[in-house]
Chemist: 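Pasting a structure here, questions to come.
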Amino acid sequence: MLIKNALWITLKGAESTVNPVFRKRFDCGKPVREAALEVTCDGVYEAVLNGKRIGNFILAPGWTEYRKRLQVQRYDIAGLLSGGENTLEITVGNGWFRRTNAPWTGTKNPDEFLPPMLIAALHLTFEDGEVKVILTDGQWEAAESTVTRSGIFYGEDVDMTRTPAFRAAEVCEYSKDILIPQEGPEVREQETILPRRSFRTPKGEWVIDFGQNMTGYMAFDLEARAGERLCFSTAEVLDKEGNFYTANYRSARSKLQYVCREGKQSYKPRLTFFGFRFLRIDEAPEGFSADQVRAIVLHSEMKRTGWLESSDPMLNRLFSNILWTMKSNYLDIPTDCPQRDERYGWTGDGQLFSRAGMYLYDTRHFFRKWLADMRAAQWENGWVPEVIPSLTAYKPGGAGWSDAVTIIPWNLYEAYGDLSFLSDMYEAMEKWIAYVPTVSTTPDLFTGCWTYGDWLALDLPEDYVPENIELAKRGYSKDDLVCSAFYANSVQNVIRAGRLLGRDVSGYEALHRRIVKAYQARFNGELNTQTEKVLTLHFGLTDDPQALADALAQQIRDCGTQLQTGLVGTPYLLHELTRYGYAELAWSLLLRKEYPGWLYSVSKGATTVWEHWDGIKPDGTFWDDDMNSYNHYAYASVADWVFGAAAGITPAAPGYARARIAPHPDPRLTSLSAAADTVHGKIRSAWTYTEGGVRFEIDTPVETEVVIGGVSRTVEPGKYVFWNA
Ligand code: BGC
């Protein structure tokens, strides 16, 4: 990469919050055949050549494990060059690099104290074969830009009346060893949403409703006098009274404040993003109207591969909400939520939604980069941080979250059949399972360590008084059980991967046998919570799964056909019920319209999946201000069951080289249709209740085992109709 010859530059003496803009003016003098720009920064940038934005990558260079890896973008800029003088301007905002740590993390990010810096290389090849290279150095200029402040949580303040006063940039020292070519898919503008309505709230505030919770930003056109202001705040929901509600953003300010220049103008934020459905217009020039505003949706560039449709409008809304929640949170990294002061790559959330996500979009490119960051962030001792890119302090343990290091590569291999996900990650997977015994207090189990348990489970006994609120959020499943079950699973994933890679896994096989034995001796006599049962079933830790599944089904019915599982148990719950003959009960949980149930939020008008089943309670009040995201994909993981069990599409061989279609229809619906565009072509499974029985339509590009009504048959590629009276 040419960029390694360039120098890091900064704005000398910049002390204010104003984001710097770097400038290079150059004359081509003769016709150019090819022109490329390599560029990156310690923040996020927007590069403009002769007044036109370079490339479509929003929030470049994206978020990586910056201390080790910083992506460099390469743009073809030939089309933007002028034969005469050219002006290249690059504005650098704080982005994820600096000031990433929300106050609640209690840790200071060392990068926070670095100044905004840029490094770039321009490569010009002229028609006559001459080559010219322009590198960032002390000859570049820098100034305070029109962006007077920006940040991922902060939003953006812009003053278009400012004229940047350029002076020489300052060369500074910073690592070039961390520079790597762009790996992930670009974050791009994906669609535009127009206001659904605008109105005055009971408090008298002026609010625009886009009708859809999303991740992106607002864009607007207006004609104004210099100095007039246009200010927006963001919200996901309105409160009980119909007022604008921002408390769940916590310390994320999430506003745009724009000072107009004279005349006609258009703007959209350049260096930040928001999670929102509603915009409050806090200030606007006289005559400004809501239809001058639109919302632009951002997410990582991925190919859509999954579609679901049913005869039930509420279920269809849930499917849409799941899709939107994925779009909102696959923004360069898999985030927990896009709005409050987190937006972090929580590994637990990432792994538990990953299978659902792999049906809906082709996530290979997206995860390849994130897993590389996971490897880079993994500690020497094998510990995998709870958020990737990492920022939290070390806490021994982390089961269910850190186990993403074995779960996601395995899921990718199953979904796409690409062994390189396993070979790339094998060492990291081994390191994680080798780490467990170094912190566990019991041989062959994972005990005595920190865990988020079954985060947000609903199974606390009424008389249980937790020592603190954090404990209350972890549910009632035994920490040691949750950790040990995930440990067993991770060892199993290493064994499976090792076998495929031709490694000697005999030691791991012996370890796995010991873990199962120790687990059964220690826990199987007291599998109390729903999640304790589900994990024991899902990870194959009982010798009598049917009896355990029977007990699980009974327990669910005994508490009024309600799930009580949290983040860890929920993704597997419907699968385990279905596997052991309780598909009807699984459907009852999915179709439940009351709290806690998937259709409850739909009945409350949700357009994305909520963090809490009762983010908005039946009486319209909120679960809490503190941790209440309305765009959280943990419970959206149920799409994996809809595709894989309700419609019944699963890979029979990795990557769907062969398929298995075993649908589980339910008469509470008239029809369900699912399509999954696999690397071997599009598979479709649909069922319809008719007077003559259930009609199954199957369309498969690969040899497929079809299981209907307990009868299995193997079919060649083609379209089929089956009936089940
Ligand atoms: C996040 C979760 C995450 C959790 C860790 C929360 O604040 O939003 O989804 O997994 O912290 O327990």
Side-chain angles (χ1 to χ4, degrees), residues 1-12 20-62 64 69-92 116-143 145 164 166-189 270 301 365 368-369 372:
M1 283 188 296
L2 211 53
I3 198 170
K4 295 220 176 186
N5 300 326
L7 300 172
W8 281 100
I9 54 173
T10 187
L11 172 63
K12 199 174 186 169
V21 54
F22 298 91
R23 181 168 81 177
K24 183 69 187 175
R25 285 195 281 203
F26 58 97
D27 209 329
C28 291
K30 53 186 172 180
V32 172
R33 193 169 64 215
E34 278 165 33
L37 171 69
E38 289 177 10
V39 56
T40 194
C41 72
D42 65 339
V44 290
Y45 67 82
E46 186 200 48
V48 171
L49 181 59
N50 301 325
K52 293 224 170 67
R53 191 183 204 279
I54 297 175
N56 299 314
F57 188 171
I58 310 296
L59 303 166
T64 44
R69 291 157 40 84
L70 177 59
Q71 297 180 123
V72 172
Q73 291 68 53
R74 188 169 205 279
Y75 302 100
D76 175 356
I77 54 165
L80 299 175
L81 276 181
S82 113
E85 202 191 50
N86 289 280
T87 305
L88 173 65
E89 289 184 315
I90 304 172
T91 308
V92 176
M117 295 180 285
L118 178 80
I119 189 163
L122 248 163
H123 194 243
L124 306 172
T125 309
F126 295 95
E127 290 284 8
D128 62 9
E130 197 205 335
V131 168
K132 188 174 174 187
V133 172
I134 300 173
L135 304 169
T136 42
D137 58 18
Q139 305 297 306
W140 283 53
E141 298 168 291
S145 75
F166 284 96
R167 53 188 189 270
E170 185 178 45
V171 170
C172 53
E173 277 302 311
Y174 192 56
S175 171
K176 288 190 241 172
D177 298 337
I178 58 175
L179 301 180
I180 55 162
Q182 175 69 26
E183 280 186 2
E186 296 182 354
V187 171
R188 291 204 186 149
E189 295 187 351
R270 290 176 270 171
E301 190 73 1
H365 192 183
R368 203 177 284 286
K369 163 190 168 262

Chemist: Measuring only between side-chain heavy atoms, which start at C-beta, is K369 closer than 4.5 Å to R69?
Modeler: yes
Chemist: Can you check whether A6's main-chain N or O pairs, donor with acceptor, with T136's side chain at less than 3.5 Å?
Modeler: no
Chemist: For the residue pair D27 and G83, what are the closest heavy atoms and their distance?
Modeler: OD1-O, 3.8 Å
Chemist: With rounding to the nearest 0.5 Å, note down the distance linking CG in L118 to NZ in K24.
Modeler: 12.5 Å
Chemist: Donor-acceptor check, side chain of E38 to backbone of I3, threshold 3.5 angstrom: yes or no?
Modeler: yes
Chemist: Which pair of heavy atoms, one from P20 and one from S145, lies closest together, and at what distance?
Modeler: C-CB, 4.2 Å
Chemist: Does any pair with a residue in residues 48-58 pass side-chain hydrogen bond (donor to acceptor under 3.5 Å, both in side chains), and if so which ones, sequence neighbours excluded?
Modeler: N50-N86
Chemist: Please round to the nearest 0.5 Å and tell me the distance separating atom CD of E183 and atom NE2 of H365.
Modeler: 8.0 Å
Chemist: Using 0.5 Å steps for rounding, measure from the CG atom of N5 to the CG atom of D137.
Modeler: 12.0 Å
Chemist: With heavy-atom distances below 4.5 Å as the criterion, would you say the side chains of L70 and P61 are in contact?
Modeler: yes
Chemist: Does the side chain of Y45 reach to within under 4.5 Å of the side chain of I54, using non-hydrogen atoms?
Modeler: no
Chemist: Would R167 and L11 satisfy side chain to side chain contact (heavy atoms under 4.5 Å, CB included), going step by step from the backbone distance to the final call?
Modeler: CA-CA 9 Å; R167 53 188 189 270; L11 172 63; 3.6 Å; yes
Chemist: Is S175 close to W8 at the side-chain level, that is, under 4.5 Å between some pair of heavy atoms?
Modeler: no
Chemist: Out of curiosity, T125 OG1 to R33 CZ, how far, rounded to the nearest 0.5 Å?
Modeler: 6.5 Å
Chemist: Which atom pair, heavy atoms only, marks the closest approach of C28 to L124?
Modeler: SG-CD1, 4.5 Å
Chemist: Is there a side-chain contact between V131 and H123 (heavy atoms, below 4.5 Å)?
Modeler: yes
Chemist: Given T87 and R23, is the side chain to side chain contact (heavy atoms under 4.5 Å, CB included) satisfied, shown in steps?
Modeler: CA-CA 7 Å; T87 305; R23 181 168 81 177; 3.8 Å; yes
Chemist: Atom CZ of R74 and atom CG of L37: how far apart are they, to the nearest 0.5 Å?
Modeler: 9.5 Å
Chemist: Which pair of non-hydrogen atoms, one from C172 and one from M117, has the smallest distance, and what is that distance?
Modeler: SG-SD, 3.4 Å
Chemist: Please list, chain by chain and in numerical order, all residues satisfying side-chain hydrogen bond (donor to acceptor under 3.5 Å, both in side chains) with Q139, sequence neighbours excluded.
Modeler: none
Chemist: About how many Å separate SG of C41 and CD of E46, when rounded to the nearest 0.5 Å?
Modeler: 11.5 Å
Chemist: With no hydrogens and no angle check, is any side-chain donor or acceptor of R270 less than 3.5 Å from a backbone partner on T91?
Modeler: no
Chemist: Is there a side-chain contact between E85 and R25 (heavy atoms, below 4.5 Å)?
Modeler: yes
Chemist: For F166 and V21, which heavy atoms make the closest approach, and how far apart are they?
Modeler: CE2-O, 3.6 Å
Chemist: Answer whether the closest heavy-atom distance between the side chains of F26 and L81 falls below 4.5 Å.
Modeler: yes
Chemist: Compare every heavy atom of K176 with every heavy atom of I119, then report the nearest pair and how far apart it is.
Modeler: CD1-CD, 3.8 Å
Chemist: Checking side chain to side chain contact (heavy atoms under 4.5 Å, CB included) for the pair W140/L7: CA distance, chi angles, key distance, verdict?
Modeler: CA-CA 10 Å; W140 283 53; L7 300 172; over 6 Å; no
Chemist: Can you find a pair of side-chain heavy atoms, one from Y75 and one from L80, that are under 4.5 Å apart?
Modeler: no
Chemist: With a 6.0 Å cut-off (strictly less than), is the heavy-atom count around CD of E127, excluding the residue itself, greater than 12?
Modeler: yes
Chemist: Set out, in order, the CA-CA distance, both residues' side-chain angles and the distance that settles side chain to side chain contact (heavy atoms under 4.5 Å, CB included) for I9 and F22, then state yes or no.
Modeler: CA-CA 9 Å; I9 54 173; F22 298 91; 3.7 Å; yes
Chemist: Do T10 side-chain atoms and E170 backbone N/O form a donor-acceptor pair below 3.5 Å?
Modeler: no
Chemist: Would the distance check show the side chain of Q182 and the main-chain N or O of G184 forming a donor-acceptor pair, the cut-off being under 3.5 Å?
Modeler: yes
Chemist: Listed by chain and number, what are the side-chain hydrogen bond (donor to acceptor under 3.5 Å, both in side chains) partners of E130, not counting sequence neighbours?
Modeler: K30
